[in-house]
Amino acid sequence: QVPLVESGGGSVQSGGSLRLSCVAFGYASRYCMGWFRQAPDKERELVSTLSSDGPTSYADSVKGRFTISRDNAKNTLYLQMDSLKTEDTAMYYCAALYGVWCRFDRVMAVTEFTDWGQGTQVTVSS
């Protein structure tokens, strides 16, 4: 496993924006990276994925509000979160799976990702 280091979480009012960053020290020509989130007493859920060949995916709950991207020169994955809602409050985790592209024919499971960050808290207040 290779460490992933997240940053950028914080507290913001409803309607505000945050940008999460995840520095990934691993390397592979093929990879799938994603952002997950977990609210108290809820299961970890997939928010967005980005495949090294280009395609991205978003959970229906964040489509049109969140944008995933990667700066390869900085080995950094981003999640731009706009129009934040109170229901976006959760611990956000960066995850990676090396050697393969993301799956887009189904929602990828938590257990498919091998490398994880420590998480960064996002709190949205009304």
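Along the sequence shown, residues are numbered consecutively beginning with 1.
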Applying side chain to side chain contact (heavy atoms under 4.5 Å, CB included), run through Phe25 and Val5 and close with a yes or a no.
CA-CA 9 Å; Phe25 296 96; Val5 181; 3.9 Å; yes
Quick one, Leu20 with Tyr78, criterion side chain to side chain contact (heavy atoms under 4.5 Å, CB included). Give me CA distance, side-chain angles, the key distance, then yes/no.
CA-CA 5 Å; Leu20 306 183; Tyr78 300 101; over 6 Å; no
Taking it one step at a time, do Ser21 and Thr76 satisfy side chain to side chain donor-acceptor pair (under 3.5 Å)?
CA-CA 7 Å; Ser21 300; Thr76 302; over 6 Å; no
Decide yes or no on side chain to side chain contact (heavy atoms under 4.5 Å, CB included) for Cys32 and Trp101, but give the supporting numbers first.
CA-CA 5 Å; Cys32 174; Trp101 291 324; 6.0 Å; no
Run the side chain to side chain contact (heavy atoms under 4.5 Å, CB included) check on Thr89 and Gln121 step by step: do they pass?
CA-CA 8 Å; Thr89 295; Gln121 178 67 37; 4.1 Å; yes
Set out, in order, the CA-CA distance, both residues' side-chain angles and the distance that settles salt bridge (Lys or Arg N to Asp or Glu O under 4.0 Å) for Arg37 and Glu43, then state yes or no.
CA-CA 9 Å; Arg37 67 185 181 186; Glu43 293 188 355; over 6 Å; no
With ring-ring contact (aromatic ring centres under 6.0 Å, His included) as the test, would you mind laying out the steps for Phe36 and Trp116 before giving the verdict?
CA-CA 10 Å; Phe36 287 78; Trp116 290 85; 4.9 Å; yes
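A cation-pi contact, defined as under 6.0 Å to the ring centre and within 45° of the axis, is absent between Arg65 and Tyr58. Judged by the 6.0 Å distance and 45° axis criteria, Arg44 is positioned over the aromatic ring of Tyr93.
Phe113 and Met91 fall within the same hydrophobic cluster, defined by Ile, Leu, Val, Met, Phe, Trp and Tyr side-chain heavy atoms under 4.5 Å apart, directly or through other members. Tyr92 and Leu50 fall within a single hydrophobic cluster, where Ile, Leu, Val, Met, Phe, Trp and Tyr are joined by side-chain heavy atoms under 4.5 Å apart, directly or via other members. A continuous path of ILVMFWY side-chain contacts below 4.5 Å connects Leu97 to Val107, so both sit in one hydrophobic cluster. Cluster annotation: Val62 is connected to Val12 through the hydrophobic network of ILVMFWY side chains, with a link wherever side-chain heavy atoms come within less than 4.5 Å.
Between Asp115 atom CG and Cys94 atom SG the span is 9.5 Å, to the nearest 0.5 Å. We find the NZ-OG distance between Lys85 and Ser126 to be 14.0 Å, quoted to the nearest 0.5 Å. Rounding to the nearest 0.5 angstrom, the gap separating the CG atom in Leu4 from the CG atom in Asn75 is 11.0 Å. To the nearest 0.5 Å, atoms CD (Glu112) and CG (Leu46) are separated by 9.5 Å. Of the inter-residue distances, the one linking Ser69 atom OG with Leu79 atom CG reads 8.5 Å to the nearest 0.5 angstrom. From Asp53, atom CG reaches atom CZ of Arg30 across 8.0 Å, with rounding to the nearest 0.5 Å.
The heavy-atom pair separating Gly99 from Ala28 by the smallest distance is N-CB, 4.0 Å. For Leu18 against Gly10, the heavy-atom pair with the smallest separation is CD1-O, 3.9 Å. A pairwise comparison of heavy atoms in Ile68 and Met33 identifies CD1-O, 4.3 Å as the closest pair. Considering all non-hydrogen atoms of both residues, Ser57 and Ser48 come closest at O-OG, 2.8 Å.
Residue Asp41 places its CG atom among 12 or fewer non-hydrogen atoms of other residues, nucleotides or ligands, all under 6.0 Å distant. Under a cut-off of 6.0 angstrom, the local environment of CD in Glu87 is crowded, with over 12 non-hydrogen atoms contributed by other residues, nucleotides or ligands.
Judged purely by atom type and a 3.5 angstrom limit, Ser51 uses its side chain to pair as donor or acceptor with the backbone of Cys102. Side-chain atoms of Gln80 never come within 3.5 Å of backbone atoms of Thr67 as a donor-acceptor pair (strictly under, hydrogens ignored). In terms of modelled atom types and a separation under 3.5 Å, the side chain of Gln118 and the main chain of Glu6 share a donor-acceptor contact. In this structure, the side chain of Thr120 engages the main chain of Gly9 through a donor-acceptor pair within 3.5 Å. Between the side chain of Ser83 and the backbone N or O of Gly15 there is no donor-acceptor pair closer than 3.5 Å.
Judged purely by distance below 3.5 Å, without hydrogens or angles, the side chains of Thr86 and Ser14 never pair a donor atom with an acceptor atom.
Centroid-to-centroid, the aromatic rings of Trp35 and Phe66 stay 6.0 Å apart or farther.
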